[in-house]
Protein chains: 2
Amino acid sequence: MRRVYSSDFLCNEVTKLLMDVPEVVVNRLPQYVRALRQILEDGSEIVSSQLLGQTLQMTPAQIRKDLSYFGRFGKQGRGYNVRYLVTELQDILQLDHEWNIAVVGVGRLGRAIISYPGFSPEGFKVIAAFDSDSRQVGQSIGGLIVQPMDELADTVRQKGIQIGIVAVPAAQASDVVERITSCGIRAILNYAPVNPLVPPEVKVRNIDPVLSLQSMTYYLRSGDTGSTSN
Amino acid sequence: MRRVYSSDFLCNEVTKLLMDVPEVVVNRLPQYVRALRQILEDGSEIVSSQLLGQTLQMTPAQIRKDLSYFGRFGKQGRGYNVRYLVTELQDILQLDHEWNIAVVGVGRLGRAIISYPGFSPEGFKVIAAFDSDSRQVGQSIGGLIVQPMDELADTVRQKGIQIGIVAVPAAQASDVVERITSCGIRAILNYAPVNPLVPPEVKVRNIDPVLSLQSMTYYLRSGDTGSTSN
DNA sequence: AAGGGTTTGTGAAACAAGTCGCTAGCAGCT
DNA sequence: AGCTGCTAGCGACTTGTTTCACAAACCCTT
């Protein structure tokens, strides 16, 4: 079947790609991917924004709007072809790539991260580990030899590392982030309890369970659910 | 020193406490606490919103507005007394309490969480561990005896557990969250890669490093920083 | 005691995000 | 083929969040 596109339409599509997408929207895309894969596994080839919204607890409108930032993936009256939408989203997020990761800090947390089995199936490969403690250097952890910090820049270049994971104590975190960014790495997953200052082209995601807990305790005021008041 | 408050003023304060604070604001409070503690350690007793904003990479206006949801903690022309502001924020967030936590799932991740030394100094005490796998039950991990799931409700009541941490595989996560909430727990830190559905009075914070990574790779398009183009 | 230099707290303005309502288009049935 | 029910895409609108701008208040110096 042959299709005709108006110049208006094409122009619109180009504009979309150039127009920068709100970060909140980008942050939701991986959730869509995950949900869609699940739906596919459950045997559905087609899904409506309505249904997807139900499983993700979002409004259908939000899902449609989010997707519309990137293109037109659905069919009116029918919904989205799950298989197609997943591949499109994976493409947008570049999830088909293999991403090479260096972990800095091989204390308890760093070791847990290196051995975490959830990264690899998603294409995230931890292929190098560093530590500033010379007693750790040379040790083998999960098949990796811990390297000294001053090999960071060379290894990043040689092995094509694009992502850094920071798992050092708070005191060293800022320095480590600085060193990582100066190697040209533009994506950092930071487990240290600090908000590192980075140049604008670098993305940082902070993971700090203590902050998460501390923001929940605000809501834990005596609602006294559970026991019968009598 | 004796103070006089206008009824207007008092009414305003009461309104503030009743008025619900945006969740984004509450989520920033722990960051303020952390930064302020650091500032105190560095020897400053007084801090301006300007300076605090610099260390946290926020605008001074945002900090002032956030704090104004809860009261008036500063002095014009001077700034905030750090010690006082910290204690006020800790009070608001209820950080002086000891919070009892149960971890569900004692696989690799669950064990790491139980042994994580960062919770205890902040008043978060992991005092119980559960697993549905009978081979795990009875084992000792970090001083805790792993209990079977059907002891959950009783233990929560007996030991006054207010927070649950979920560290089970994705497939079991929804069930586990359901069981935890049905014990009356209203705060859950979820490490499983799912968005559990909970009643509105329950707060959930999801921690999923894969989602964080996947949202960063969107931005890792060929900016080709690093090598000199010539 | 008065003046200058700061800085808070806060309504108003600007901006961003999310929702609504409608149109156009598709599938399946009669 | 036409009708019915459904659903994406999208502009308009609503809601929520951040920033601005300025009066009131405070310290310190003179």
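Small disclaimer: the values here were computed from a predicted structure and weren't measured. A note on names: the letters A, B, ... follow the listed sequences, proteins ahead of strands, and every chain is numbered from 1.
- Put simply, CG on B/N27 is 14 Å from C1' on D/dT17, counting in whole angstrom units.
- Every pair passing salt bridge (charged side-chain N to carboxylate O under 4.0 Å, His left out) that includes a residue from residues 55-71 of chain A is listed here, sequence neighbours excluded: A/R28-A/D66.
- Between the CG atom of B/D20 and the C1' atom of D/dT17 there is a distance of 14 Å, given to the nearest Å.
- One can place CD of B/Q76 at 4 Å from C1' of D/dA25, the figure rounded to the nearest angstrom.
- Remark: A/Q31 engages B/N195 in a side-chain hydrogen bond (donor to acceptor under 3.5 Å, both in side chains) (not counting sequence neighbours).
- The phosphate of C/dC26 has neither OP1 nor OP2 within less than 4.0 Å of any side-chain N or O from A/Y80.
- Per the geometry, CZ belonging to A/F70 stands 17 Å off C1' belonging to D/dA8, to the nearest Å.
- For the residue pair B/E23 and B/N27, no side-chain donor N or O sits within less than 3.5 Å of a side-chain acceptor on the partner.
- Of the listed nucleotides (D/dC10, D/dT18, C/dG25), D/dT18 has the atom at the smallest distance from the side chain of B/R28.
- Contact check on A/E201 versus B/R221 returns no salt bridge, with no Lys/Arg side-chain nitrogen under 4.0 Å from an Asp/Glu carboxylate oxygen.
- With B/S44 contributing its side chain and B/L40 its backbone, the two residues share no donor-acceptor pair below 3.5 Å.
- For residues 92-104 of chain B, every residue pair satisfying the salt bridge (charged side-chain N to carboxylate O under 4.0 Å, His left out) rule, not counting sequence neighbours, is listed here: B/E98-B/K125.
- For the pair A/Q214 (side chain) and B/L95 (backbone), a donor-acceptor distance under 3.5 Å is absent.
- Within residues 40-66 of chain A, the residues approaching DNA chain C are A/T59, A/A61, A/Q62, A/R64, A/K65, by heavy-atom distance under 4.0 Å.
- In this structure, A/V24 reaches the sugar-phosphate backbone alone: every heavy-atom distance under 4.0 Å involves primed, P, OP1 or OP2 atoms, never a base.
- Straight-line distance from the NZ atom of B/K75 to the C1' atom of C/dT10: 19 Å, rounded to whole Å.
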Enumerate all atom pairs, one protein N or O and one N or O from nucleotides 28-30 of chain C, separated by less than 3.5 Å.
none

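- A salt bridge links B/E122 with B/R37: at least one charged nitrogen is closer than 4.0 Å to a carboxylate oxygen.
- Looking at the side chain of A/R72, the nearest of the listed nucleotides C/dG18, D/dA24, D/dG9 is D/dG9.
- For the pair B/Y69 and D/dT17, the criterion of a side-chain N or O lying under 4.0 Å from OP1 or OP2 is not met.
- For A/R83, the side-chain hydrogen bond (donor to acceptor under 3.5 Å, both in side chains) partners are A/E45, not counting sequence neighbours.
- Atom-to-atom, CG of B/L67 to C1' of C/dT10 comes out at 13 Å; the value is rounded to the nearest Å.
- The nearest heavy atom of DNA chain C to B/G74 and to B/G77 marks one nucleotide each, and the one closer to the 5' end goes with B/G77.
- Between the P atom of D/dT17 and the CD atom of B/E23 lies a distance of 9 Å, rounded to the nearest Å.
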